[in-house]
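First the structure, in the form of structure tokens, and then the observations on it.
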Amino acid sequence: MEEQKAVEVADEGKEAASCACDKSGIKDRMALPAPNVIKLAKESGSSALGSWVGLVLMVAVVAALLVGLPMVLPVPSGMDLPHQGFAHIVAFAIAACGGVLYVRVRERRLERSMGFARNDGAALCVVGAVAGVVGLMVVFALFKGAGIVSDSGISTQVSVIALALAFAGYVILALGQEVFCRGYVLTSFSARYSVAVGMAVQTVVFALFHVLIVGLSVFSVVNGVLMGVMFGLMFLKFGSIWPAIGFHSLWYFVQYIILGVTSGAQAASYTTIMTTTYDSSNVLLSGGAGGFEASALAAAVYAAAIVCLLVLKPRDADMDSIAFVNLGETIVIGAEDEADEEEDEGAADKRGCGESGCKADEKKES
């Protein structure tokens, strides 16, 4: 009887320990990770990392471009895009160049510390693109179920060249937003202060840009914040900028070019594959003049994506080291621990004892 009770107590202890491990595992996954790309930025960056003055100046320039370019910049002939969409592409192309230049010259670090260090960037970009299409189609299905959108056919008069140019344009738009907000702001402020501070700053910056693009409303602000958190988590969980670029670019391309869904009740003034009618009378559900990205339905999808990302295991958590060249100097994250181990082994050899010999000495002393 006593042996049976002991076994039962032991089993209960194992179950309790297993539950505790599961709970701690979930908590660890939901915590903000610090991927190797943040360590790269911290190891290589100068004292200009996390400069508030630099951030304010660069954000002011990008905001001015987003507001001013649509007023003066025409869409080139042959590039079938919404007028404002083309202006935003140009604005964020300039923002991306400015972000990379600032990181290289002022912070003295290379592009690999902005999230381009992964060798599997193409695969991660495809993963993000698939997730973006799935997420957008869920939003479209919700809109269609609510009677907000209705499609009226597929166009057969679409130019392949126009589609290719539009796709390239939206890739540049997504690349610009991700390079500036995640590649520059998130890495710089995470390296200088903490990952939480970096996440907060890049979310505010992205939300500001989002409002300038789609217009000011309650849900344009809410969705801007949710999207900033979502893309920031993608960056941190995968340790790479590529998933967010894939997600962002395909979301834009499928929404505007494939589905033909424009902002609010505005009719598409460019060639689309599908002709979609948009009813923006219900501002809460439809987003009004802001369209998809200012609606409560899209906010629900963004929130669900954030939850999925929070429980996702970080991709580069098990990477021992990552090497990159910074202004002629090779730095290897994780190499210090390996060097310490080699020094300990060398010291043991000098004492004239290997691993087994030292253990034997320890037994004798005890």
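Just so it is clear, the model here is predicted, and its values are computed rather than measured.
- V37 and F116 fall within the same hydrophobic cluster, where Ile, Leu, Val, Met, Phe, Trp and Tyr residues are linked whenever their side-chain heavy atoms come under 4.5 Å apart, directly or through other members.
- What you find for P35 and G239 is that their closest heavy atoms are CB-CA, 3.8 Å.
- Here the CG-CZ distance, from L259 to F140, works out to 5.0 Å after rounding to the nearest 0.5 Å.
- The CG atom of L236 sits 6.0 Å away from atom CD1 of I38, with the distance rounded to the nearest 0.5 Å.
- In this structure, S190 and G198 approach most closely via the heavy-atom pair OG-CA, 3.5 Å.
- Ring-plane geometry between Y184 and F180 is classed as perpendicular, the angle between the planes exceeding 60 degrees on a 0 to 90 degree scale with a lower cut at 30.
- Side-chain contact check for Q202 versus V205: every heavy-atom pair is 4.5 Å or farther apart.
- With 3.5 Å as the limit, one finds a donor-acceptor pair spanning the side chains of R109 and T187.
- Considering only heavy atoms from C-beta on, W52 comes within 4.5 Å of V201 through its side chain.
- For the atom pair Q177 CD and F209 CZ, the distance stands at 8.5 Å (nearest 0.5 Å).
- Summarising the geometry of L66 relative to A91, their closest heavy-atom pair is CD2-CB, 3.8 Å, with the distance given to 0.1 Å.
- To the nearest 0.5 Å, atoms CZ (F253) and OH (Y170) are separated by 9.0 Å.
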Let me have the donor-acceptor pairs involving side chains of residues 294-309, under 3.5 Å, with sequence neighbours excluded, atom names and distances please.
from, atom 1, to, atom 2, distance (Å)
S295, OG, F292, O, 2.8
S295, OG, A298, N, 3.2

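- Two different hydrophobic clusters hold L175 and L101 under the rule that ILVMFWY side chains link at heavy-atom gaps under 4.5 Å.
- Panel note: side chain K42, backbone R192; no donor-acceptor pair is recorded below 3.5 Å.
- Here the closest non-hydrogen pair linking F189 and G50 is CE2-O, 3.4 Å.
- Both L55 and V62 are assigned to one and the same hydrophobic cluster, defined by single-linkage of ILVMFWY side chains at heavy-atom distances under 4.5 Å.
- Looking at every heavy atom in both residues, H88 comes nearest to L173 through O-CD1, 3.6 Å.
- With hydrogens and angles ignored, the 3.5 Å screen pairs no side-chain donor or acceptor of S113 with any backbone N or O of L40.
- Taken together through direct or relayed side-chain contacts under 4.5 Å among Ile, Leu, Val, Met, Phe, Trp and Tyr, V127 and W251 form parts of separate hydrophobic clusters.
- The two residues K237 and L312 have their closest heavy-atom pair at NZ-O, 2.8 Å.
- When only modelled atom types and interatomic distance are considered, S188 and E107 share a side-chain donor-acceptor pair under 3.5 Å.
- Here CZ of F143 is found 9.5 Å from CG of N282. Values are rounded to the nearest 0.5 Å.
- Cluster annotation: L49 and M58 are assigned to distinct hydrophobic clusters (Ile/Leu/Val/Met/Phe/Trp/Tyr, side-chain heavy-atom contacts under 4.5 Å, transitive).
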